Trainee: 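I'd like to ask some things about the structure below.
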Amino acid sequence: MKRGIAALALLAGLAAQAADVRVALVKTAEADSWQALTVSGGAWDRLKLNHTAVLVSHPAGDFLFDGGLGRKAPEQVAADMPWWAKPFFRFGPICAAADQLAGRPIPRLILSHGHWDHASALADFPAAEVWLTAAERSFVQQAKPPVVLPSQVGDPAIRWKTYALDGPAYRGYPASLDLYGDGSAVLVPMPGHTPGAVGLFARLGSGRTLFFVGDTVWQRAALDGARGKSWLARQLADDDADATARQIARLSQLAAEPGLTIVPAHDAAVQDELGYYPDWVDEPKQAAGAACPGDGSQSSAASR
């Protein structure tokens, strides 16, 4: 009997070690910008940006990494965004993640960082725990518009959960948090854009690893030559320019690793290649479309 229990435990352990996550990008809105604003030294060419939530599915439970723009984003911006900032942060029709994922339980929403366009959807997932590091929680409590909007983060009903990156060094980062204990979804610290920002490594069944890097860079092209955002964008967006530059230098080195795809939160060109919910990255495409596909008509000068 004891041998049987031990064998089952061993099999369960091996299954856990072999588990892989499934990942789907949930595009909630688009925006237009110029490459020269999003990448230092870029041309004045128009380009599309995305506001995207990342759905991570695992046998032990699902979570969202960022929430994209939520149902109430227009009202939130109207209420709290300073008049001078609104032209920089315009966006098109919203297809909220909560509408696309209707009926799918989301127990955790992990923020890459607390900027307004990543925290917009908190109100859409009232049952979810909202995970962020202690440094980022402090930042969210103290920061002001246009960086953080009170209408998004001020509700006392939000189920905040602070966590520590208390795991070992991981792929060149000094600490980590293995979310499932099997190496399939690992958070790492990426301070710079905000004090407590994090990135997410997700290992897919195909053998590819996706690295979601939040807004450390807005375009993957910035990793060619370790370039940051434009001077104006750095003043608007990056909390610590020097720390952000160090993160970009590390990403530039990682970008050469085979089997690793770096995914900035707003890079539409990279995300278009991966596809969108209800399709799963590196899995057969579904016949059905998203619950509320947008028409792609939007305008924005920059994205935070």
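Bear in mind the structure is a predicted one, so any value in this text is a computation, not a measurement.
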Trainee: Name the orientation class of the two ring planes belonging to Phe212 and Phe65 (parallel below 30°, tilted from 30 to 60°, perpendicular beyond 60°).
Mentor: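 Ring orientation, 0 to 90° scale: tilted.
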Trainee: Ring-plane angle category for Tyr173 and Phe201, please: parallel below 30°, perpendicular beyond 60°, tilted otherwise.
Mentor: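 Ring orientation, 0 to 90° scale: perpendicular.
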Trainee: Name all residues meeting the side chain to side chain contact (heavy atoms under 4.5 Å, CB included) criterion together with Asp66; count only those two or more places apart in sequence or in a different chain, and write none if there are none.
Mentor: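 Only Leu111, Ser112, His118 meet the side chain to side chain contact (heavy atoms under 4.5 Å, CB included) criterion with Asp66.
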Trainee: If hydrophobic clusters are built from ILVMFWY residues whose side chains come within less than 4.5 Å, do Leu210 and Phe63 share one?
Mentor: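 Same cluster: Leu210 reaches Phe63 through Ile, Leu, Val, Met, Phe, Trp or Tyr contacts under 4.5 Å.
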Trainee: Please identify each residue that fulfils salt bridge (Lys or Arg N to Asp or Glu O under 4.0 Å) with Arg108, with sequence neighbours left out.
Mentor: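 Expected list: none.
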Trainee: Which distance, rounded to the nearest 0.5 Å, do you find between the CG of Leu200 and the CE of Met190?
Mentor: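 Rounded to the nearest 0.5 Å, the CG-CE separation comes to 11.0 Å.
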Trainee: Would a 4.5 Å heavy-atom cut-off, applied to side chains only, mark Val23 and Leu55 as touching?
Mentor: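 A side-chain contact is absent here, since even the closest heavy-atom pair is not under 4.5 Å.
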Trainee: Let me check something: any side-chain donor-acceptor pairs from residues 156-169 under 3.5 Å, sequence neighbours excluded? List them with distances.
Mentor:
| unit_1 | atom_1 | unit_2 | atom_2 | d |
| --- | --- | --- | --- | --- |
| Arg159 | NH1 | Ala127 | O | 2.5 |

Trainee: Could you walk me through whether His266 and Asn50 pass side chain to side chain donor-acceptor pair (under 3.5 Å), step by step?
Mentor: CA-CA 5 Å; His266 299 292; Asn50 282 346; over 6 Å; no
Trainee: Would you call the rings of His51 and Trp116 parallel, tilted or perpendicular, where under 30° means parallel and over 60° means perpendicular?
Mentor: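 Plane angle between 30° and 60°, so tilted.
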Trainee: Thinking salt bridges, do Asp267 and Arg220 make one under a 4.0 Å N-O criterion?
Mentor: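 Here Asp267 does not pair with Arg220 in a salt bridge, since their nearest N and O are not under 4.0 Å apart.
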Trainee: Which pairs, with at least one residue in residues 72-88 and sequence neighbours excluded, count as a side-chain hydrogen bond (donor to acceptor under 3.5 Å, both in side chains)?
Mentor: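 Matches after skipping sequence neighbours: Gln76-Ser120, Gln76-Gln152, Asp80-Ser151.
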Trainee: Nearest 0.5 Å, what's the OG1-CD1 distance between Thr28 and Ile94?
Mentor: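 Going from the OG1 atom of Thr28 to the CD1 atom of Ile94 covers 7.0 Å.
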Trainee: Quick one: do Asp62 and Ser57 satisfy side chain to side chain donor-acceptor pair (under 3.5 Å)? Show the steps, please.
Mentor: CA-CA 4 Å; Asp62 296 354; Ser57 184; 2.9 Å; yes
Trainee: Under 4.5 Å between side-chain heavy atoms, counting indirect links through other Ile/Leu/Val/Met/Phe/Trp/Tyr residues: same cluster for Leu251 and Leu260 or not?
Mentor: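 Linked, Leu251 and Leu260 end up in one cluster.
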Trainee: Which residue pairs satisfy the side-chain hydrogen bond (donor to acceptor under 3.5 Å, both in side chains) criterion with at least one member in residues 247-262, sequence neighbours excluded?
Mentor: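 Residue pairs with at least one partner in residues 247-262: Arg171-Glu257, Arg208-Thr261.
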Trainee: The criterion is ring-ring contact (aromatic ring centres under 6.0 Å, His included); which residues satisfy it with Tyr276, sequence neighbours excluded?
Mentor: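 Partners of Tyr276 by the ring-ring contact (aromatic ring centres under 6.0 Å, His included) criterion come out as none, since no residue qualifies.
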Trainee: Do Val26 and Val263 sit in one hydrophobic cluster, given that two such residues count as connected whenever their side-chain heavy atoms are within less than 4.5 Å of each other, even indirectly?
Mentor: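 Not linked; separate clusters.
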Trainee: Would Asp182 and His58 count as a side chain to side chain donor-acceptor pair (under 3.5 Å) if you check the C-alpha gap in whole Å, the side-chain angles of each, and the deciding distance to 0.1 Å?
Mentor: CA-CA 11 Å; Asp182 59 13; His58 184 277; 2.7 Å; yes
Trainee: Check for a donor-acceptor pair, side chain of Asp124 on one end and backbone N or O of Arg71 on the other, with a separation under 3.5 Å.
Mentor: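 Between the backbone of Arg71 and the side chain of Asp124 there is a qualifying donor-acceptor contact (under 3.5 Å).
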Trainee: Cluster question for you: counting only ILVMFWY and a side-chain heavy-atom cut-off of under 4.5 Å, with indirect links fine, are Val217 and Leu187 together?
Mentor: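 No, Val217 and Leu187 fall in different hydrophobic clusters.
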Trainee: Are any non-hydrogen side-chain atoms of Arg227 and Ile248 less than 4.5 angstrom apart?
Mentor: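 Contact flag for Arg227/Ile248 side chains = no.
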Trainee: Can you tell me how far apart CE (Met81) and CZ (Arg90) are? Round to the nearest 0.5 Å.
Mentor: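 That separation rounds to 13.0 Å.
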